[in-house]
Structures are given as structure tokens and as C-alpha cells.
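Numbers restart at 1 for each chain; the letters A, B, ... are given by sequence-line order, proteins then strands. Values below: all heavy atoms of this structure, side chains included; hydrogens, waters and symmetry mates excluded.
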Amino acid sequence: LKVVDGHDEL
Amino acid sequence: MNIFRLAGDMTHLASVLVLLLKIHTIKSCAGISLKTQELYALVFATRYLDIFTDFISLYNTTMKLIFLGSSFSIVWYIRNHKIVSRSYDKSQDTFRHYFLIIPCLLLALLVNEKFTFKEVMWAFSIYLEAVAILPQLVLLQRTRNIDNLTGQYVFLLGAYRALYILNWIYRYFTETHYVHWITWVSGLVQTLLYADFFYYYFESWKNNKKLQLPA
């Protein structure tokens with residue numbers, strides 16, 4: 001599992 | 001996470017709960033477009049491909065699971081539940097899926113943040129969500145008596161989109177490098193589709209009359 005800052009909206 | 005984004009997500013959640021309430025308690029899906037619900041299931045299935053690979057927050061993962069689970073179960077209920085499916089009027093819900101799906105897929109292949117499977121699917125889901133409400137709006141126009149729950153369901157969906165726009169404005173001014181053209185333009189289009197509905201919704205509310213859209 002990696003933490004991303006790309007698509008953080010739903 | 002800002003207050004607009006949270007309020008938007010909660011409104012989205014509320015819309016799903018209103019629809020589930022109608023289906024579960026009243027055992028009716030009258031006035032609800034199966035086409036729109038199927039499109040939403042496809043929207044979430046293609047957008048949340050990252051659910052098991054990328055971790056953003058527990059909140060994010062939980063909400064994704066809720067939207068995936070609820071959208072597929074709503075479709076299942078309308079299609080297969082013995083009692084609920086009887087209230088579905090197929091002859092009124094005539095919008096063709098592929099009129100929306102194919103153009104969105106083509107657009108996603110052309111306009112995306114990166115040309116990878118996951119990113120093209122993500123862009124596709126954003127474009128499709130923007131227009132997925134159309135079959136529902138067409139069905140509303142054909143329905144003489146829009147019941148309160150259906151009206152509230154569509155109103156909450158529209159409100160969720162409007163709150164997301166406020167969220168983007170807030171993020172644009174508070175975060176550095178926060179620019180997302182794909183979501184902004186599609187989100188704006190999506191919200192504008194509700195403008196006509198909002199107008200009649202508020203009119204009926206103001207005059208204390210039953211909601212009815214002009215054909």
C-alpha cells in the first residue's frame with residue numbers, strides 16, 4: 001500500500 | 001480536508017441514504033432511473049481501481065467502499081429484488097447508456113493526466129459522472145408525480161456537486177500547486193446540469209407545491 005497525493009478526492 | 005469537501009461528501013452520502021431508504025423501507029424505486037444508477041456503479045468501479053493499491057486515509061477508503069457497495073446494491077435491488085423491481089417502469093427509462101459511455105471513453109483516451117490504464121479509467125469516471133444524471137433528469141421530466149424522496153435524492157446529489165466547487169475554490173487559494181482542470185471543468189458541467197432542476201425545486205418549495213418539471 002502506498003500513500004499518494006494524486007487523486008485525494010472522492 | 002476542508003469544511004466544503006466534508007459537507008459535499010456528507011451530502012453525497014445523504015443522497016445515497018435517501019435512495020436506500022426509499023428502496024429498503026418503502027420497497028419502491030418509482031421515479032428512479034436504473035440507467036443512472038448503473039452509470040454510477042460504473043463510475044465508482046472505474047474510479048476506485050486504486051482502492052487496494054494506494055492509501056490516502058481511512059476516511060477515503062471507507063467512503064470508497066460505501067459508494068461502491070451502495071451503488072452496486074442499488075442496481076441489484078432495482079433489477080432483481082422481487083418487490084422493488086416491480087415499481088421500476090422500464091418503458092419510461094429509455095436513455096441509452098452507450099450514448100454517454102462511448103464519448104466519455106473517447107474523451108478520456110484523449111484528455112487524461114497520464115496515458116496509463118488507471119489514469120484513463122479515472123478520467124473516464126470523472127467525465128461519466130458529469131453526465132450520469134441525464135437519464136434521471138429525463139425520467140423526472142416524464143414523471144407527473146415526483147415523490148418527495150426522489151426530489152430530495154436529486155437535490156442532494158446536486159448540492160454535493162455545488163459544495164465540491166466551493167471546495168476547489170477553497171483549495172485553490174489555500175494550497176500551492178492545486179490545479180485540476182479535468183475535475184474542475186467536468187464538475188462545473190455536472191453542476192450546471194442541475195440548474196434547471198434546482199430552479200423548479202426551489203419554486204415548488206417556496207410555493208409549497210408538489211415538484212413537477214415542465215415537459
Tell me whether the count of non-hydrogen atoms from other residues, nucleotides or ligands lying under 6.0 Å of [atom1] in [X] goes above 12.
{"X": "B:Y172", "atom1": "OH", "value": "no"}
{"X": "B:R142", "atom1": "CZ", "value": "yes"}
{"X": "B:F95", "atom1": "CZ", "value": "yes"}
{"X": "B:I3", "atom1": "CD1", "value": "no"}
{"X": "B:H81", "atom1": "NE2", "value": "yes"}
{"X": "B:W76", "atom1": "CH2", "value": "yes"}

Quiz item: Distance only, no hydrogens: is a donor on one side chain within 3.5 Å (strictly under) of an acceptor on the other, for B:N167 and A:E9?
Solution: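 Checked: B:N167/A:E9 side chains pair up, N/O donor to acceptor below 3.5 Å.
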
Practice problem: Identify which of B:M1, B:H12, B:R47 forms the greatest number of heavy-atom pairs closer than 4.5 Å to chain A. | Solution: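 Option with the top pair count is B:R47.
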
Practice problem: Identify which of B:Y48, B:F44, B:F67 forms the greatest number of heavy-atom pairs closer than 4.5 Å to chain A. | Solution: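 Most heavy-atom pairs within the cutoff with chain A belong to B:Y48.
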
Quiz item: Is it the side chain or the backbone of B:D9 that comes within 4.5 Å of chain A heavy atoms, both, or neither?
Solution: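 The answer is the side chain of B:D9.
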
Quiz prompt | Residue part contacting chain A, namely of B:E113, when any heavy atom lies under 4.5 Å | solution =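 Only the side chain of B:E113 comes within 4.5 Å of chain A.
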
Exercise. Compare all side-chain heavy atoms of B:Y59 with those of A:L10 and state whether any distance is below 4.5 angstrom.
Key: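 Yes, at least one pair of side-chain atoms sits under 4.5 Å.
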
Exercise. Flag the pair A:H7 / B:H180 as yes when at least one side-chain heavy-atom distance between them is below 4.5 Å, and no otherwise.
Key: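 A side-chain contact is absent here, since even the closest heavy-atom pair is not under 4.5 Å.
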
Quiz item: Does the distance from a Lys or Arg side-chain N to an Asp or Glu carboxylate O, for A:D8 and B:R5, drop under 4.0 Å?
Solution: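 Salt bridge flag = no for B:R5 with A:D8.
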
